[in-house]
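For reference, the structure is listed below as structure tokens.
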Amino acid sequence: MLTVDYERLGAERGDRVLDLGCGAGRHAFESVRRGCVTVASDRDPDELRSVTDMFAAMDDTGEIASQSAQRLAHAVVADATSLPYADASFDRIIAAEVLEHIVDDERAIAELARVLRPGGTIAVTVPAPAAERVCWALSSDYHAPKVPDGHVRIYGSDELRTKLAAAGMYVSDSHGAHGLHTPYWWLRCLVGPRNDANPLVRAYHRLLVWDITAAPPLTRTLDRLLNAVLPKSTVLYAYKAPARTSAASGAELMGDSHAS
């Protein structure tokens, strides 16, 4: 299930897309299906091996149209706070459910801004504060420091916007996502996040899988309603300010001079 809306991101065929902290690769796979030149990036080599295998399988089954996986799909081990890419390398960036894991998130955001081209767009998703606070309160096994590489912070309503703006990226749109998953994670935290055998957890998980595969109108409507009031994730879409030419900057300065 995708968290990012590709229409709001503005991704088009041929765009260079970075999926940072790609995990199992759900957004990277969608980017490749859309004909974007995609870099799936993660710190975990094991995750990237499975992502690479899926890229190859998509190529074999014809899911990648017009070009081969070798040209469109790449998997790279990388640290979010020191990205191995040149400035302005990407047209679009996706950072889904990753920044809440990074202690120095401001450095990671600065790196994302650096590798995004001027005028490019980024989609950042983080756990929504209301739902996340309940998860933290219900179980210390859900977050850091007890969980290695777990969530290290809960983003407040304006904190992420402020940090993006400080790096030169400005939010243009936002929405909630995965509202139907909020009670599921509360339940998991209540019985223990690693307790997959709990009958209520198993039943709710079957509901979520059914919702993803069948997309029935009832659960889709319920998810949309919950997204408005109690989402599991918050999705922000931002753009990097286009570079101003020296001529434009000079004209602006002259304008300011006349105005004063």
Side-chain angles (χ1 to χ4, degrees), residues 1-5 19-30 40 42-51 53-54 57 80 94-103 105 123-157 160 175-235:
M1 175 177 284
L2 298 177
T3 308
V4 170
D5 181 338
D19 181 7
L20 179 71
C22 65
R26 58 199 172 106
H27 289 106
F29 302 146
E30 180 64 19
D42 202 282
R43 287 198 316 168
D44 187 344
D46 292 332
E47 290 272 29
L48 288 180
R49 276 191 284 272
S50 66
V51 169
D53 290 343
M54 180 58 75
I94 297 168
E97 309 298 302
V98 61
L99 290 178
E100 68 274 12
H101 294 271
I102 301 173
V103 174
D105 63 331
V124 180
T125 90
V126 296
E132 187 76 345
R133 288 191 186 100
V134 174
C135 288
W136 281 52
L138 288 174
S139 176
S140 61
D141 287 329
Y142 173 80
H143 58 85
K146 197 168 182 179
V147 179
D149 295 324
H151 297 184
V152 298
R153 71 177 57 79
I154 300 173
Y155 282 100
S157 58
L160 187 53
H175 62 83
H178 308 320
L180 200 60
H181 293 234
T182 297
Y184 171 72
W185 279 102
W186 288 352
L187 176 61
R188 288 202 64 139
C189 289
L190 186 64
V191 303
R194 297 178 180 84
N195 187 1
D196 295 328
N198 181 276
L200 291 177
V201 169
R202 294 177 65 182
Y204 206 139
H205 185 264
R206 286 195 296 271
L207 170 66
L208 294 177
V209 171
W210 175 66
D211 172 61
I212 292 169
T213 55
L218 177 60
T219 55
R220 289 293 80 220
T221 299
L222 179 58
D223 188 64
R224 285 193 294 272
L225 292 173
L226 287 172
N227 286 344
V229 294
L230 200 59
K232 182 64 179 74
S233 296
T234 298
V235 189

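Everything numeric in this text was worked out from a predicted model, so none of it was measured.
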> Honestly, is Arg188 close enough over Trp185, meaning NZ or CZ under 6.0 Å from the six-membered ring centre and within 45° of the axis?
Replying inline: yes
> What is the ring orientation for Tyr184 with His181, classed by angle as parallel under 30°, tilted 30 to 60°, or perpendicular over 60°?
Replying inline: perpendicular
> Between Ser233 and Glu97, which heavy-atom pair has the shortest distance, and what is it?
Replying inline: OG-OE2, 3.1 Å
> Of all heavy-atom pairs between Ala28 and Asp19, which one has the smallest distance, and what is that distance?
Replying inline: N-OD2, 3.0 Å
>> Within a 6.0 Å radius of atom CZ on Arg220, are there more than 12 heavy atoms belonging to other residues, nucleotides or ligands?
In response: yes
>> I need the minimum non-hydrogen distance between Val51 and Ala40, along with the two atoms involved.
In response: CG1-CB, 4.0 Å
> Hey, does Thr234 have a side-chain heavy atom less than 4.5 Å from the side chain of Ser157?
Replying inline: no
> Do the side chains of Tyr155 and Val124 get nearer than 4.5 Å, heavy atoms only?
Replying inline: no
> Where is the tightest heavy-atom contact between Leu99 and Asp105, given as atom of each residue plus distance?
Replying inline: O-CB, 4.1 Å
> How many angstroms lie between atom OH of Tyr204 and atom CG of Leu180, to the nearest 0.5 angstrom?
Replying inline: 4.5 Å
>> When you compare the side chain of Cys22 with that of Ile94, does any pair of heavy atoms fall below 4.5 Å?
In response: no
> Under 3.5 Å, is there a donor-acceptor pair between the side chain of His101 and the main chain of Asp149?
Replying inline: yes
> Is a side-chain donor or acceptor of Arg153 paired with a backbone partner of Ile102 at a separation under 3.5 angstrom?
Replying inline: yes
>> Would you compute the distance between atom NE2 of His205 and atom CG of Leu207 and round it to the nearest 0.5 angstrom?
In response: 10.5 Å
> How long is the span from the CG atom in Asp211 to the CG atom in Leu222, to the nearest 0.5 Å?
Replying inline: 9.0 Å
> Checking Asn227 side chain against His178 main chain: does a donor-acceptor pair fall under 3.5 Å?
Replying inline: yes
>> Show, in sequence, the C-alpha distance, side-chain angles and deciding distance for Leu200 and Val191, and conclude whether the side-chain contact (heavy atoms from CB on, under 4.5 Å) test is met.
In response: CA-CA 9 Å; Leu200 291 177; Val191 303; 6.0 Å; no
>> Within this structure, what is the NE2-SG distance for the pair His143 and Cys189, rounded to the nearest 0.5 Å?
In response: 8.5 Å
> Tyr142 and Glu132: which non-hydrogen atoms are nearest, and at how many Å?
Replying inline: OH-OE1, 2.7 Å
>> For Thr3, is there any backbone N or O sitting under 3.5 Å from a side-chain donor or acceptor partner on His27?
In response: yes
>> For His175, is the NE2 atom crowded, meaning more than 12 foreign heavy atoms sit under 6.0 Å from it?
In response: yes
>> Show the nearest heavy-atom pair for residues Ile154 and Pro129, with the distance to one decimal.
In response: CG2-CA, 3.9 Å
> Is there a donor-acceptor contact under 3.5 Å from the side chain of Thr182 to the main chain of Lys232?
Replying inline: yes
> If you measure from CD1 on Ile212 to CG on Asp223, what distance do you get to the nearest 0.5 Å?
Replying inline: 9.5 Å
>> Rounded at 0.5 Å granularity, tell me how far CG in Leu226 sits from CZ in Arg224.
In response: 11.5 Å
> With a 4.5 Å heavy-atom cut-off, do Asn195 and Val201 have their side chains touching?
Replying inline: no
> Taking C-beta and beyond as the side chain, do Leu190 and Ser139 meet within less than 4.5 Å on heavy atoms?
Replying inline: no
